[in-house]
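Read through the structure below, which is laid out as structure tokens, and then see the notes.
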Amino acid sequence: MPKSALIFLLVVFQILHAVAAADRGLQSKCRCLYGDPCWPGEKEFAQLATQLSQPLLRPTPPAQPCYTSANSSECAEAIARWNDGDWRTNQTGAMQLSNFETFTFTNGTIEACYLNTTLGVPCGQGSISVIGVDARSISDIQAAVRFAVQHNLRLAVKNTGHDFLGRSDGRGSFMVWTHNLKNITVHPSFMPAGSTSMNESFQDAITLGAGVQWHEAYAAANASGLVLVGGASAGGSVGAAGGWLQGGGHSALSPSFGLGVDNVLEFSVVTSTGSHIVTNAHQHPDLFWALRGGGGGTFGVVASVTYRTRPSFPVIAATLSVSINASTPNTALSQAFTELVRITPQLTDEGWGGYSSFTPSSDSLSFSIIKIIPAISQESATKANATMSAYLEYVQDLAANSTQSSDPLQVQAALTTPIASWYEWYNRFFPPGPSVGVNIEVGSWLMPRDVVQTDHERVAQVLLSIPGFSWYTVAGGAVSNVSVDATGLNPAWRKAAAHVVGGIGWPEGATLEEINALRDELKSSTAKVRALAPESGAYFNEASLYEPNPAHSFFGPHYEKLRAIKTVYDPVDLFIVAEGVASDEWDKSLTCRI
Ligand SMILES: Cc1cc2nc3c(=O)[nH]c(=O)nc-3n(C[C@H](O)[C@H](O)[C@H](O)COP(=O)(O)OP(=O)(O)OC[C@H]3O[C@@H](n4cnc5c(N)ncnc54)[C@H](O)[C@@H]3O)c2cc1C
């Protein structure tokens with residue numbers, strides 16, 4: 001038989017095999033979970049292992065060494081680095097927010113593996129995947145995906161585990177761990193695959209493997225004199241090419257250069273049929289559209305992403321830190337925030353991006369701002385600096401006028417500072433430090449520009465009634481200049497002036513009753529913010545598990561198109577995540593089709 005005929009037969013066989021496996025997957029209404037009779041045996045896993053570049057992973061809870069061997073160095077390390085995001089990303093069984101490692105049974109019992117071993121709770125696997133593939137190549141991902149489809153397994157795609165809705169694990173699930181896909185390639189010029197026009201050659205671009213984290217991406221870009229639009233967290237442990245991007249990806253640079261999804265040139269992705277697709281504006285443009293905002297863990301496993309980059313630039317940083325000796329905002333603090341809300345559209349139009357948060361404690365309340373503007377053009381930077389300086393002076397005047405009151409506004413810092421480069425700013429303001437390893441849930445709403453402009457006082461008043469919320473100015477400006485249908489992202493982002501985030505937290509060992517009481521508070525505060533602009537939406541990556549209408553909140557008018565594209569590329573619905581596209585067709589545990 002000629003070689004070409006043999007290859008043809010092989011391809012036909014592979015397609016038939018994939019279709020048959022897909023059919024088997026569809027036949028069962030429920031996913032096969034660890035412990036079910038349908039769960040593959042050691043023989044099947046051994047067979048899978050022969051196709052992989054690395055041994056299979058058996059993820060365990062990060063505190064487990066403290067139960068099996070309390071004096072071990074592994075336990076000492078877990079205690080020392082429990083709140084370190086980068087350490088957590090290296091643990092196959094760790095999520096960044098420990099609550100997503102736990103599992104709550106219908107009778108209210110919580111299975112967990114608490115760091116505090118004195119709570120008397122035995123260490124359990126909780127929601128942590130039981131077995132997985134340490135993907136280092138496209139073929140590793142393909143083998144994992146085919147195995148999951150063949151055995152109808154619940155698949156968890158896990159990168160860094162930062163997801164605020166726990167989408168990167170799942171009780172009894174099989175995991176693809178993308179963490180070690182660490183390749184980084186800087187391109188002096190980049191032409192998307194399938195492009196025939198030299199006009200489409202981008203001067204600077206960078207390709208990041210799916211496991212690259214922001215601190216690695218920033219360092220590599222900086223070494224080549226480049227800057228990327230990326231996220232912010234202590235030590236930069238969030239993934240640069242996984243859920244952050246596919247959910248939207250906000251950055252302090254977004255008002256200047258758009259969101260993560262506005263800066264992608266190309267994806268390399270493995271779909272549930274096991275196909276490897278390079279997608280961009282020319283190849284599979286529907287998938288390219290959907291991957292830019294349709295949510296992580298939904299359309300396939302992204303193996304790498306190519307972003308456009310920009311030559312390094314100096315920045316101006318703005319810092320404000322004020323506090324009062326009371327747990328609720330007084331008049332001066334309320335005025336300081338209300339004025340910030342009023343000028344937010346102007347600030348973001350001028351390119352100011354960043355974060356502002358209220359941090360309450362029992363006897364004090366602090367409010368802080370960290371913002372940045374690229375100082376590329378002297379003229380625009382001077383104008384933007386004047387706007388921010390006027391605001392900081394306004395707050396200082398409020399403080400000066402409150403000195404005689406019983407609760408004066410105390411200013412710890414109020415300044416703008418020129419900094420030589422964006423990278424220097426990032427390292428100065430987001431050094432590694434304890435930030436995760438806690439139990440947190442959040443709620444989100446995108447505040448439209450027109451609502452802010454029509455009644456900034458009402459917006460501020462409602463927000464000030466919520467303890468400990470954040471006002472992220474990561475929308476507006478360049479984000480609003482992108483056409484609403486250019487990407488799959490929720491159009492609400494294009495109309496937003498700011499992203500509002502609220503949260504709750506609880507200690508290890510809290511009962512379900514205690515946690516649910518806090519959840520009720522979160523639901524009610526998110527509802528108050530939502531009521532200010534019900535037609536808007538929420539940020540898929542920083543939202544609550546209790547959005548009343550997730551399809552509307554996260555995808556708005558793009559939902560139907562995203563659902564249709566998912567049917568094309570994921571016909572067996574292998575990729576289902578909490579509140580993601582098509583998740584409404586599954587039960588709450590995402591195990592059985594409704
Ligand atoms: C401390 C902290 C700081 C944050 N800062 C920011 C910020 O500055 N800006 C911002 O926009 N958001 C921020 N976030 C939210 C962040 O965008 C989400 O947590 C996001 O889900 C993280 O993506 P990940 O891939 O790192 O994490 P993971 O939890 O591993 O994955 C998140 C989701 O993406 C899916 N996924 C991961 N990799 C792939 C892949 N290769 N292919 C397909 N699906 C994949 C997973 O299945 C899961 O559904 C922050 C979160 C935390 C906890």
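In what follows, residues are counted from 1 in the order of the sequence shown. Both ligands and their constituent atoms are indexed starting at 1 by order of listing.
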At under 4.0 Å between heavy atoms, is it the side chain or the backbone of [X] that contacts ligand 1, or both, or neither?
| X | answer |
| --- | --- |
| Met95 | neither |
| Gln96 | neither |
| Tyr539 | side chain |

For the pair [X] (side chain) and [Y] (backbone), establish whether a donor and an acceptor sit closer than 3.5 Å, ignoring hydrogens and angles.
| X | Y | value |
| --- | --- | --- |
| Arg171 | Gly126 | yes |
| Gln125 | Ser129 | yes |
| Asn439 | Asn99 | yes |
| Ser173 | Asp169 | no |
| His558 | Leu489 | yes |
| Asn222 | Tyr423 | no |
| Thr348 | Trp352 | no |

**Asked** Do NZ/NE/NH1/NH2 and the carboxylate oxygens of Arg563 and Asp573 come within less than 4.0 Å?
**Response**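 Here Arg563 pairs with Asp573 in a salt bridge, since their nearest N and O are under 4.0 Å apart.
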**Request:** Please collect all salt bridge (charged side-chain N to carboxylate O under 4.0 Å, His left out) contacts where either partner lies in residues 261-276, sequence neighbours excluded, each pair once.
**Result:**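 Residue pairs passing salt bridge (charged side-chain N to carboxylate O under 4.0 Å, His left out), neighbours aside: Asp262-Arg494.
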Hey, which atoms in ligand 1 end up nearer than 4.0 Å to a heavy atom of [X]?
| X | result |
| --- | --- |
| Asn159 | 24 (P), 25 (O), 26 (O), 30 (O), 37 (C), 38 (N) |
| Gly161 | 27 (O), 28 (P), 29 (O), 30 (O) |
| Gly231 | 7 (C), 8 (O) |
| Ala210 | 41 (N) |
| Val577 | 49 (O) |
| Ser233 | 1 (C), 3 (C) |
| Gly249 | 11 (O) |
| Gly239 | 26 (O) |

**Asked** Which option out of Gly235, Gly295, Ser168 puts a heavy atom nearest to atom 31 (O) of ligand 1?
**Response**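 Closest candidate by heavy-atom distance is Ser168.
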**Prompt:** Which residue from Gly242, Ala241, Gly300, Ala232 reaches closest to atom 43 (C) of ligand 1 through any of its heavy atoms?
**Reply:**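 When every heavy atom of Gly242, Ala241, Gly300, Ala232 is considered, Gly300 comes closest to atom 43 (C) of ligand 1.
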**Message:** Consider side chain to side chain donor-acceptor pair (under 3.5 Å). Of Thr298, Asp286, Thr271, which one does Tyr569 pass it with?
**Reply:**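 The side chain to side chain donor-acceptor pair (under 3.5 Å) with Tyr569 is passed solely by Asp286 among Thr298, Asp286, Thr271.
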Would you check whether [X] has a nitrogen or oxygen atom less than 3.5 angstrom from a nitrogen or oxygen atom of ligand 1?
| X | result |
| --- | --- |
| Val302 | yes |
| Glu542 | yes |
| Val157 | yes |
| Tyr355 | no |
| Asn541 | yes |
| Ser435 | no |

**Test side-chain contact (heavy atoms from CB on, under 4.5 Å) applied to Phe174 and Arg31, step by step** = CA-CA 11 Å; Phe174 171 71; Arg31 294 281 188 238; over 6 Å; no
**Request:** May I ask you to decide if the ring planes of Trp493 and His250 are parallel, tilted or perpendicular, using 30° and 60° as cut-offs?
**Result:**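 Aromatic pair Trp493/His250 classed tilted.
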**Request:** Examine ligand 1 and decide if any of its atoms is less than 4.0 Å from a heavy atom belonging to Gly248.
**Result:**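 Distance cut 4.0 Å: Gly248 fails for ligand 1.
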**Heavy atoms of other groups near Tyr34 OH, more than 12 under 6.0 Å** =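 No, the 6.0 Å shell around OH holds no more than 12 heavy atoms from other groups.
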**Asked** Looking at atom 36 (N) of ligand 1, what's its closest protein heavy atom, distance included?
**Response**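 Looking only at protein heavy atoms, the one closest to atom 36 (N) of ligand 1 is Gly243 N, 3.9 Å.
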**Message:** Please list the nearest protein heavy atom to atom 20 (C) of ligand 1 with its residue and the distance rounded to 0.1 Å.
**Reply:**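 I find the closest protein heavy atom is Trp244 N, 3.7 Å.
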